[in-house]
Amino acid sequence: MISKCFHRRVIVCGLALIAPLGLGALSSQRAGAQTIAEIKQRGIVRIGVLSELPPWGFLDGSGKPAGYDVDVGELLAKKMGVKAEFVGMTVAARIAQVMTGKVDMLLATMGMYPERAKVVQFTEPYAGMKIILLAKKGQMIERLEDAAALRIGVVRGGAQDIAITKGLPKSADIRRFDDDSAVIQALITGQVQAIGANTTYMMNLNKIFPNNEFEQKLVFNEQWMGIATKPGQKDLNVWLNTLIDEIRASGELAAVNKKWIDQPLPEFPTKIEGVPFTVQ
Amino acid sequence: MITSLGPAQFHLLLVGTLWTLALSTVGFLFGGLGGLAVALCRTCGLMALERFAAAFIEIFRGTPLLLQLFIVYYGIGLLNISMSPWIAVSIAFTFHASAVLGEIWRGSIESIPRGQTEAAKALGIHYCFRMRYIILPQALKISLPPTIGFLVQLIKGTSLAAIIGFTELSRTGTLLSNITYRPLLIYAIVGLIYFIICWPLSRLGRAMERRLSPVISQ
Amino acid sequence: MAYAFDFTAVVAHWRELLKGCLLTLQLSLLAMPVTLAIAVAAMLVLQLRETISTWLIGTFVEIVRNTPFLVQIFFLYFGLPSIGVRLDPNVAAIIALGLNGAAYTIEILRAGVEAVSRGQIEAGLALGLRPTQIFRYVVLKPALRTVYPAMTSQFIFLMLTSSIASSITAAELTHVGAELEAVTFRSFEIYFTIAGLYLVMSFGLSKLFALIRRISFSYPAR
């Protein structure tokens, strides 16, 4: 009697403990696809895009992802013959999202830099912009060193973070936020005096405050954006590169650029030091 | 791209609110199941299971919810079973709720006088029956106020899903303040929406507490 | 995909992580007295049984308890500059944690104060104690003793909550971790380690509080 009761107790507890886990497992699917065949079989390509960086990736009035990256993603899915599923994410979390297989690829306005190329696989560039330092008009900044005494906001791990951290002494007051929205807010509210930005921040600011008090101070570099995947996915990489060539040749990419940035497509570099476009 | 605060933006806030509610509901329901399991394990009288449940509770109560979210969210990805962010976040909240509710309900189960268990045993009433008809109904009554208190905590806690990029109410607020450039107003509205959801629950919890506890005469 | 765990990044940055722990403790240990001071002051005011101030305190408690900490800290950090108050991230974090903790501690302490029976206060009056003395020795100290366990677990919760201050770049453990993640990309390993460090800190704090209890609240009161 005692042992029977004992056993039942164990089973009840055990089952109850496992139940939620089982439910979780039921609804789960295989991790990030390894090949194009897997994506096609699934019928959906999962693309990571930013959701707070107009005009690259943001939510439109109805809450749907929109922007340059999203349009390119749609083109890509169309050519692949599958549906695109966009997963909104933050700058700080994007690499973890693709590395842990949450998405198949990132079109997340991700600049092609050697540090990142060690972790993810880039394709050739599909977009470009300038990385700049933005500050109040009155602020005298001619070289980066002039900004050493200011409170500077950047997105943690972003291209601006890398450039500014490298250029300033360790004692500089650099505040690293989770995402672009926090950085922009910090600048507008005066929590920081300058921010690492890109040319499209300026576009947005000018739109909302036509007589705004901010201006571009320094250009750090021209940044090229590539599609990022997990390393080693050779056929996916080759396929994406072919596709980028295709939409460049057909003028489809130029149309996307015109629509969102209102500029002609820049001349993309054919190689970037330390950032291979193909699987080595 | 840059807009003022209009009907479309309020619609976005509404959608964000629905996500917050959905996430809280799922976390609370599955966490309730898990919490029951944890509470039963914690009080079952088997050393190994009790220890296991105690450790589970300690780990989740001794670490920040934010970190639990990070670990479950990214950890699930590493297990090679990728799932939509929505399910991953739900699982994280389920674990968290299981631990906290497990601890609350353990306290309630243990507050039922031991004599009742002994009497039931003497009458030959076995474990399942004893729990189902004698202990749990009484424990449930005692545990209601803190359980509702936790529900409020959970609803507020779902705001942390914003940090890993899940677009619920808080993150909608961040996105909106970014395209409207009016942070103060937006955060006031977002805070107000949370308040409207949580306040009635808090009051309900307190009313129940007052009804249950013997009046302390002053 | 077999993910290769690699904790070398964590080991290589142990100094930063340790410093992050200290910063977290600093932040929360500074916020705790703020919390307690506000709560005790509120108790004093509540003793006056004056309608407006009671209502104000009640409203404060309800607002703080029913809105997320993330929204509160954003409001303080990004909202206040528009009325001309610019707070440093760390200061904003301490104030936010202090106010947030106070709302909970007021509720906890109120329960303790209400548990002090009327008879004791009358006894105090009969002994000719002044009202401040009664508040201090007859009401507050026994109340603190009663609610000590609840209050200290609230303090530990406050320490855990401080992780949210990372979103306004306050210097604490989670923020240190996030910065390391941005450099090493080892998100899982780093967050896993950090969670372990929080566990150790909350364990340590609970031991510390138990020690304080033995020293200053042992009965009979010294």
Side-chain angles (χ1 to χ4, degrees), chain B residues 20 58-75 77-80 82 149 152-153 155-163 169-171 173-174 177 182-203 206 209 213 216-218, chain C residues 1-3 5 24 61-63 65-83 107 111 114-118 121 153 156-157 159-164 166-167 173-174 177-178 181 187-203 205-206:
Chain B
T20 290
E58 275 310 305
I59 287 173
F60 280 87
R61 278 167 46 102
T63 53
L65 176 57
L66 182 59
L67 267 295
Q68 293 166 22
L69 278 182
F70 281 149
I71 288 175
V72 174
Y73 188 72
Y74 294 128
L78 299 183
L79 293 177
N80 208 7
S82 166
V152 173
Q153 292 283 4
I155 294 171
K156 293 188 293 169
T158 58
S159 69
L160 297 187
I163 295 178
L169 182 52
S170 290
R171 185 152 172 76
T174 312
S177 69
R182 304 185 67 180
L184 195 65
L185 179 67
I186 302 272
Y187 287 126
I189 295 173
V190 167
L192 185 68
I193 296 177
Y194 277 107
F195 187 80
I196 290 170
I197 299 169
C198 295
W199 194 52
L201 285 171
S202 296
R203 294 206 50 149
R206 211 151 326 136
E209 195 168 10
S213 63
I216 301 161
S217 55
Q218 286 267 333
Chain C
M1 168 197 75
Y3 184 85
F5 286 97
T24 286
V61 169
E62 291 300 325
I63 289 177
R65 284 172 61 111
N66 291 301
T67 52
F69 184 68
L70 187 66
V71 173
Q72 293 165 10
I73 203 166
F74 269 33
F75 199 82
L76 273 182
Y77 187 72
F78 290 126
L80 286 188
S82 63
I83 54 164
E107 284 291 279
E114 279 170 8
V116 175
S117 73
R118 191 83 209 138
I121 298 172
S153 51
I156 291 173
F157 189 70
M159 189 271 288
L160 297 178
T161 308
S162 73
S163 68
I164 301 174
S166 64
S167 61
L173 183 56
T174 306
E181 192 234 340
S187 32
F188 186 77
E189 288 88 335
I190 286 176
Y191 289 133
F192 192 79
T193 311
I194 286 183
L197 291 173
Y198 273 108
L199 198 58
V200 171
M201 285 193 289
S202 59
F203 188 72
L205 274 184
S206 75

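Protein chains get the first letters and strands the later ones, always in sequence-line order, with residue 1 at the start of each.
- Taking all atoms of both residues into account, the shortest heavy-atom contact from B:Gly62 to C:Leu160 is O-CD2, 3.4 Å.
- Only the side chain of B:Gln153 comes within less than 4.5 Å of a heavy atom in chain C; its backbone stays farther off.
- Heavy atoms of C:Leu197 lying under 4.5 Å from chain B are absent altogether.
- Taking CZ of B:Arg206 as the reference point, atom CD of C:Glu62 lies at 4.5 Å (rounded to 0.5 Å).
- Residues C:Val71 and B:Ser170 share a closest heavy-atom pair of CG2-OG, 3.9 Å.
- Note: B:Leu69 CG to C:Ser163 OG = 9.5 Å, rounded to the nearest 0.5 Å.
- To the nearest 0.5 Å, atoms CZ (B:Arg61) and OG (C:Ser202) are separated by 9.5 Å.
- Looking at C:Leu199, both its backbone and its side chain come within 4.5 Å of chain B, counting heavy atoms on both sides.
- Contact of C:Phe157 with chain B is made through the side chain alone, with heavy-atom distances under 4.5 Å.
- For C:Glu181, no part lies under 4.5 angstrom from a heavy atom of chain B.
- Of the inter-residue distances, the one linking C:Leu70 atom CG with B:Lys156 atom NZ reads 12.0 Å to the nearest 0.5 angstrom.
- Across B:Leu67 and C:Tyr191, no two heavy atoms sit closer than the pair CD1-O, 3.4 Å.
- Here the closest heavy-atom approach between residue B:Ile71 and residue C:Phe192 is recorded as CD1-CA, 3.5 Å.
- Only the side chain of C:Thr174 comes within contact range of chain B, with at least one heavy atom under 4.5 Å from a heavy atom of that chain.
- One distance of note links CD1 of C:Ile164 with CG of B:Leu65; it measures 7.0 Å at 0.5 Å rounding.
- Contact of the B:Thr174 side chain with the C:Phe74 side chain is registered, since non-hydrogen atoms from C-beta on lie closer than 4.5 Å.
- For C:Ser166, the part lying under 4.5 angstrom from a heavy atom of chain B is the side chain only.
- The minimum heavy-atom distance linking B:Val152 with C:Arg65 is given by the pair CG1-O, 4.0 Å.
- Contacts between B:Ile193 and chain C at a heavy-atom distance below 4.5 Å are absent for every atom of the residue.
- How far OH of C:Tyr198 is from CG of B:Leu66: 8.0 Å, rounded to the nearest 0.5 Å.
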